[in-house]
Structure formats: structure tokens, C-alpha cells
2 protein chains.
Amino acid sequence: MPKSKRLIELMMTVNRKRKFTISELAEEFGVSKRTMLRDLQELSELGVPLYSETGRHGGYQVLNERILPPITFTEDEAVAIFFASYALRHYSSLPFESEINNALKKFFSYLPNDVKDKIDKMKNRVDFVVPMRPLSTSHLAILLDAAIQQKVVRIEYDSIRGFSWRDIQPIGIYASHGFWYCPAYCLKKADFRLFRLDRLRSIDSNPNKHTENKNLININLSNWETITREDSGDMNVYIELTREGVRKSQLEPWVVSRLQINSDGSGYIKGDLPRKEIDYFADYFFGLGGEALVKKPKELQIKVKQKLRKMYQLYEMSRDGSF
Amino acid sequence: MPKSKRLIELMMTVNRKRKFTISELAEEFGVSKRTMLRDLQELSELGVPLYSETGRHGGYQVLNERILPPITFTEDEAVAIFFASYALRHYSSLPFESEINNALKKFFSYLPNDVKDKIDKMKNRVDFVVPMRPLSTSHLAILLDAAIQQKVVRIEYDSIRGFSWRDIQPIGIYASHGFWYCPAYCLKKADFRLFRLDRLRSIDSNPNKHTENKNLININLSNWETITREDSGDMNVYIELTREGVRKSQLEPWVVSRLQINSDGSGYIKGDLPRKEIDYFADYFFGLGGEALVKKPKELQIKVKQKLRKMYQLYEMSRDGSF
DNA sequence: TAAAACAGCGCCAATAGTTGTCACTGTTTT
DNA sequence: AAAACAGTGACAACTATTGGCGCTGTTTTA
């Protein structure tokens with residue numbers, strides 16, 4: 001094998017193994033140890049962060065920093081990757097914050113000039129707005145780590161009844177609607193709970209108490225809801241929507257699949273929804289105001305009416321003659 | 001210069017220039033044409049997408065596909081880039097869709113195994129949920145392109161009064177709250193408008209009519225709101241919130257800076273808000289139901305009450321004795 | 001304490017790869 | 001028809017690469 005190709009393959013091999021000896025690689029590539037030594041030196045000069053130790057159990061190592069072999073990206077792919085990373089800048093507190101900035105800088109600096117220009121032009125023309133409440137990065141990192149390792153952590157959480165400490169075993173973390181959430185097994189309640197992370201005041205990643213870890217290794221973000229939900233059944237709903245109501249409610253994915261639109265733009269939602277979430281739905285349909293009329297089920301209608309009456313009374317109490 | 005190093009430099013040179021001839025490069029690198037020819041062939045074999053044409057004004061070209069020279073990423077940077085791209089998978093209709101998938105695949109396949117493992121473990125533990133309504137990718141691409149080139153396009157748009165055609169000159173596109181938006185100069189109204197792209201039925205990227213382009217090159221996503229808003233002034237608001245109201249409204253960034261929280265968890269919003277958006281605010285505070293009480297200004301309170309009355313009547317009409 | 005297992009250096013002859021030259025073919029544009 | 005390109009093949013000259021060999025030096029382990 002000619003040297004130039006060998007070097008490129010060596011790059012990859014070296015990245016694959018983290019640790020290796022000269023003789024090992026020499027045999028693998030069918031060259032002498034002397035040659036391998038020289039090759040590795042060259043790689044080192046080319047920027048691969050190699051480190052070696054002499055002695056009995058010495059050997060070569062690639063440092064934490066790894067390099068990627070030359071990857072061929074099309075222009076569009078490079079632009080796409082750039083924007084993907086760029087889009088996440090709104091998640092100011094995501095666990096990867098600093099890494100992403102570095103990577104982005106490197107990436108950008110290696111791009112040919114005309115691609116840079118293209119990106120510069122696009123930068124002010126596309127955006128991904130993600131309202132995000134600021135949040136301590138370290139909390140996220142600790143919880144994520146705990147989720148991966150399935151460790152128990154102790155958190156100080158602001159529940160409806162004020163702050164309290166709980167031991168939880170996190171399933172994962174996710175960002176949604178501007179908040180970070182952490183579904184977890186709560187050892188206190190012996191059940192699964194969803195925590196909103198801006199309500200978390202402090203966290204102890206190593207509660208000294210010897211708590212037993214539950215085996216939740218197979219529960220992850222994509223299946224925890226189905227696994228942990230004790231099914232309280234569905235309710236059959238029927239909601240009439242005005243034209244405006246249709247337009248507004250189309251934002252919700254669970255609406256879209258149950259939505260029928262009339263020719264004049266108005267429509268109705270008909271189908272089954274989980275009874276357990278009835279309070280959420282009541283809130284939601286109340287929020288649509290006069291644009292939605294809950295016909296079925298009765299219990300949902302009642303909840304909406306209760307909200308309505310409560311608000312009505314609230315505003316009637318502050319009489320000013322206009323009502 | 002030894003061959004192996006020459007090849008790497010050649011890679012970069014070739015990426016810098018887009019077009020070149022053999023003799024040109026041969027001279028630059030101080031080798032014969034024959035050698036340069038051989039070198040380029042090797043590069044080609046290594047994956048650089050070269051293309052050549054014979055004849056008078058022929059020469060070499062690098063195709064649209066470009067390659068990046070070997071970039072050294074640390075392990076964490078690679079992971080970060082991966083997740084940035086991964087996070088955007090929810091934007092199923094973003095202009096870069098297919099490119100990002102390709103890039104991600106390439107990127108992933110070149111990562112060393114232990115980093116792959118790390119990513120695999122994290123995949124099910126972190127997520128960025130972005131509810132997104134499906135939308136034609138081509139619309140996005142056309143509008144983005146028009147924004148970059150400052151071209152006029154004709155769209156068929158579903159406004160309150162049904163579908164109509166308009167000629168617009170887009171400023172850019174952005175995703176927010178699950179929708180794609182396009183602020184643009186509307187030639188019909190001779191003013192700036194914000195279009196929600198799921199209400200766009202069709203688009204003509206080349207309206208044959210010779211419309212004059214306005215010079216909006218300096219208006220972009222980050223400044224169009226300030227530049228185009230005819231300021232109708234602010235209104236001073238005062239809204240009382242229950243404890244639950246505080247928690248809910250903290251989601252909105254414009255609330256946070258104007259929010260005061262009492263020791264018992266309840267609180268109030270006090271400050272100035274743009275009068276122009278009064279309908280939006282009325283909607284919003286109505287949506288908070290009994291958790292918010294609008295005290296000031298009167299006009300806002302009146303709007304909320306109107307909604308309330310409208311809804312009250314709506315539900316009273318469907319009498320069932322429970323009200 | 002000695003042996004084993006590892007990195008690392010210098011030298012040199014053999015060899016394998018690289019290079020330039022030259023003489024071709026073939027295309028497109030002017 | 002000439003000019004300006006790419007592309008091929010052959011070959012001798014050249015140079016970089018290679019493998020051995022002998023050496024130094026470190027750390028671990030028996």
C-alpha cells in the first residue's frame with residue numbers, strides 16, 4: 001500500500017482504537033515497526049493528538065481530542081450543518097453550549113469563501129425562534145449524566161406546596177415550549193413524575209444515602225409515557241370550532257388528526273382523547289374563547305364552564321359599570 | 001515537497017479556487033504537468049468530486065460538492081454538532097432537510113465507535129421537542145431564495161377574507177411556536193406584512209409581471225420589526241396574577257421582565273407593552289382564565305371582558321341546566 | 001534485581017514509488 | 001488550421017520509503 005493511502009487509513013484506525021502499540025499496528029498494516037513509528041510521527045505532525053508512554057504497559061494513545069478524517073461534504077451539507085448548529089444558539093443553556101460554539105468556529109473557518117458568503121447572506125434570512133427561559137447549565141448536565149448512567153440524584157423542587165427535597169432517577173431531559181423537562185422516577189412517591197427544570201432550585205448529584213436504583217434502563221424518552229401511564233381510558237369529544245377556532249387549534253398536533261373542516265372554514269373536533277389529561281384540555285378549549293364550543297363530553301364542558309364562571313365572577317367583582 | 005503533504009495542500013487549494021487548469025497548478029506547486037495530472041487523479045479517487053472539460057476554454061472544476069480539509073474536532077464537539085443536527089429533525093420541512101440527513105450519516109459513520117456509543121446512549125435521553133406543522137419544503141426554499149436575492153414572488157394566501165393573490169418581496173423566513181412565518185413587503189398593500197406559511201396555498205417564483213423591487217437589502221430578520229413598525233405607542237398595564245398565573249405566564253419572555261412575585265407565589269405584571277398588539281395580549285390574558293385579572297389599561301380589560309361575555313353567551317345558549 | 005514490554009533514534013543498503021520528458025490522441029473554441 | 005485544453009503510455013532518472021539492526025531509555029512485573 002502506498003504511503004499516502006496508508007496514512008489516511010491509519011488516521012481512521014487510530015481513531016477507532018483508542019489505545020494501541022506500534023507492533024500491533026505494524027502487523028495490521030503489514031509494515032515494519034520502524035515504518036509505523038515514522039508514520040505515527042507524521043500523523044502527529046499533521047495534527048493528530050497522539051500521546052505515548054514508554055514502559056511495560058505503555059503504548060500509544062489518542063488524546064480526548066479526536067480528529068475526523070477528511071469528510072467530503074457537499075456545499076449544501078456544510079451549510080445545513082452550520083445552520084443546524086446555529087439554530088440551537090437559542091438554547092442558551094443546553095449541555096453542549098461551549099462545544100458547539102467551538103465546533104462552529106472551526107467548521108466555519110475551514111469553509112471556502114463563497115460558502116461563507118452564502119451562509120452570511122442566509123444568516124439574516126432564516127431563523128428558528130425558540131423562546132427559552134434561562135436555566136443553569138450545570139443542572140442540565142448533571143441530570144443528563146444521571147439519566148445516562150441511571151443514577152439517583154437529589155433535587156430541591158418547587159412544587160405547588162413549596163420547596164422540598166426529592167430523590168429521583170431521571171429518564172432523560174427534553175426541551176419543549178420554552179422549558180426544560182425531566183421525566184423521572186420519584187423515590188418518595190414511588191412513581192414517575194415530570195419535573196419542570198426551572199422549578200428546580202438545587203441539585204445534589206451524589207446523595208450519600210444508599211438508595212436503590214430501580215432498573216429503568218429500558219425506559220427512555222420515547223417510550224416512558226406509554227410505559228408509565230396507567231391508562232384511565234379515553235373520552236369521546238365533540239367540539240365545534242369557528243373559522244378562527246380552526247385556524248388557531250391547528251397548531252396542536254393532537255387536534256389535526258381529529259379535525260374536520262367545513263367548506264366555510266369552520267369545523268369540529270371529533271374523536272377520542274385521554275381522560276387523564278382532561279384538565280389540560282379544559283384549559284386549552286377555554287383558551288380558545290368564543291371560537292370553540294365544547295359539546296361532548298359533559299365533564300369536559302363542565303370544567304370549561306367552571307373556569308368561565310370563575311373568571312366571570314372575578315371580573316364582576318371588580319365592578320366598573322362596563323359589564 | 002513530499003507527495004503526501006502536497007496532496008493535502010492540493011486539496012485545500014483546489015477547494016479555494018473553483019476552477020483551474022493543470023498547467024496553472026503545476027506551476028504553483030513546482031511540479032510537472034504530468035505529475036499534477038496524476039495528483040488530481042488521486043484526489044479524485046480519494047473522493048474529491050473533480051470534473052474536467054477538454055477544449056479551448058476547458059479546465060478542471062470542483063463540482064458543487066466541496067470537501068472540507070481534515071478538521072480536528074474534539075470528541076465533545078463532534079457530539080455537539082451531531083445533536084444540533086439531530087435536534088432539527090423535528091423541523092420536518094426545513095429547507096435543508098435532505099442535506100442534513102446525508103451530512104449526519106456521513107458524520108456519524110466517520111466517528112469512532114466509542115463516540116458512536118456515547119451518542120446512542122444520549123439519543124434517548126435528550127430531546128428538543130418542536131411541534132411543527134407539515135409544510136411544503138419547496139415553498140420554504142423558494143421564499144428563502146427570494147429573500148436572499150430580494151426577488152418578488154407571487155403567493156396565494158388564505159387571509160381572513162379567503163384566498164387571494166399577492167406579490168410580496170420576502171425579508172426572510174423564521175420558525176416560531178410551531179409555524180413558519182415570512183415577513184415581507186406586500187406590493188398590493190404597499191406595506192410590510194407577516195405571512196404564516198401554512199396559510200399559503202401556492203407560490204409563483206417568477207411572476208412575469210415586471211414588478212419593481214424595492215430596495216430592502218438592509219432590512220433583515222433581526223431588524224425588520226423595529227424598522228417597519230409604525231409606533232403606536234405603549235400602554236401601561238397592570239395585571240394581577242395568582243400563584244398559578246405566575247407560573248403559567250413565566251413562559252412568555254415579555255412577561256418575565258415585567259413580573260413581580262409576592263412572597264406567597266402570587267404576583268403582578270406591571271410595565272409598558274406595545275398598544276398595537278393589544279388583541280394579542282387580550283387573547284393571552286383571557287387564556288389565563290381566573291389566574292389573571294387585568295386591572296389596567298381599561299381598553300385591555302374591556303377586550304378581555306368582551307371575550308368573556310361572548311363565550312358566556314355561547315355556553316348559556318347551549319343550556320343544559322348546569323349553569 | 002533482572003527480565004519483559006514498550007517507545008524512540010540513527011544509520012544504511014535495497015527497493016519501491018515518484019517524477020519529468022516526450023511523443024502521442026482527442027476535444028472544443030476561435 | 002491553430003490554439004488551448006485534457007488525457008495516456010512508456011521509460012529512464014531520481015528520490016523517498018522501507019526494513020533491519022543495534023542501540024538507549026523507561027516502567028512494570030516476576
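In what follows, every chain begins at residue 1, and chains take the letters A, B, ... in the order their sequences are listed. As the structure is a computational prediction, the values presented were derived from the model and not from experiment.
In this structure, A:Phe195 and A:Ile155 have side chains that are in contact, with non-hydrogen atoms separated by less than 4.5 Å.
Protein atom CD of A:Glu42 is 14 Å distant from nucleotide atom P of C:dC9, rounded to whole Å. Regarding A:Lys3, its NZ atom lies at a distance of 6 Å from the P atom of D:dT18, rounded to whole Å. B:Lys19 places its NZ atom 12 Å from the C1' atom of D:dA4, with the value rounded to the nearest Å. Nucleotide D:dC5 holds its P atom 14 Å from the CZ atom of B:Phe20, rounded to whole Å. Between the CG atom of B:Leu40 and the C1' atom of D:dA6 there is a distance of 11 Å, given to the nearest Å. To the nearest angstrom, C1' of C:dG17 lies 14 Å from CG of A:Leu7. When rounded to the nearest whole Å, the span between CD of A:Gln61 and P of C:dC6 equals 14 Å. For the pair A:Leu25 CG and D:dG19 P, the computed distance is 14 Å after rounding to whole Å.
Only B:Arg34, B:Leu37, listed by number, bring a heavy atom of residues 32-39 of chain B to less than 4.0 angstrom from any atom of DNA chain D.
Among residues two or more places apart in sequence or in another chain, the salt bridge (charged side-chain N to carboxylate O under 4.0 Å, His left out) test is passed with A:Arg201 by A:Glu156. Residues forming a salt bridge (charged side-chain N to carboxylate O under 4.0 Å, His left out) with A:Glu28 (at least two apart in sequence, or on another chain): A:Lys17. Residues that satisfy the salt bridge (charged side-chain N to carboxylate O under 4.0 Å, His left out) test with B:Lys151, not counting sequence neighbours, are absent from this structure.
Between the side chains of B:Glu53 and B:Gln61, no donor-acceptor pair is found at a separation under 3.5 Å.
Mapping A:Pro2 and A:Gly59 onto DNA chain C by nearest heavy atom places A:Gly59 at the nucleotide closer to the 5' end.
No option in A:Asp39, A:Thr13, A:Thr35 other than A:Asp39 meets the side-chain hydrogen bond (donor to acceptor under 3.5 Å, both in side chains) test with A:Arg6.
Phosphate contact (OP1/OP2 of D:dG7, side-chain N/O of B:Ser52, threshold under 4.0 Å): present. In this structure, B:Gln41 does not reach the D:dA6 phosphate: none of its side-chain N or O atoms is under 4.0 Å from OP1 or OP2. Dashed line: the shortest gap from a side-chain N or O of B:Tyr60 to OP1 or OP2 of D:dG7 is under 4.0 Å.
No donor-acceptor pair closer than 3.5 Å links the side chain of A:Gln149 to the backbone N or O of A:Ala146. Between the side chain of B:Arg154 and the main chain of B:Trp165, no donor-acceptor pair closer than 3.5 Å is present. Here the side chain of B:Glu27 pairs no donor or acceptor atom with the backbone of B:Glu24 at under 3.5 angstrom.
For B:Cys186 against B:Arg166, the heavy-atom pair with the smallest separation is SG-NH1, 4.0 Å. Between A:Ile142 and A:Ser205 the shortest heavy-atom distance is CG2-CB, 3.6 Å.
Residues B:Tyr60 and B:Tyr51 keep their aromatic ring centres 6.0 Å or farther apart.
For the helix from C:dT1-D:dA30 to C:dT30-D:dA1, the angle separating the two terminal helix axes comes to 30°, with each axis derived from five pairs and the value rounded to 10°.
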Dump the pairs, protein N or O against N or O of nucleotides 26-30 of chain D, anything under 3.5 Å, distances to one decimal.
residue, atom, partner, partner atom, Å
D:dT26, O2, A:Gly55, N, 3.1
D:dT27, O2, A:Arg56, N, 3.0

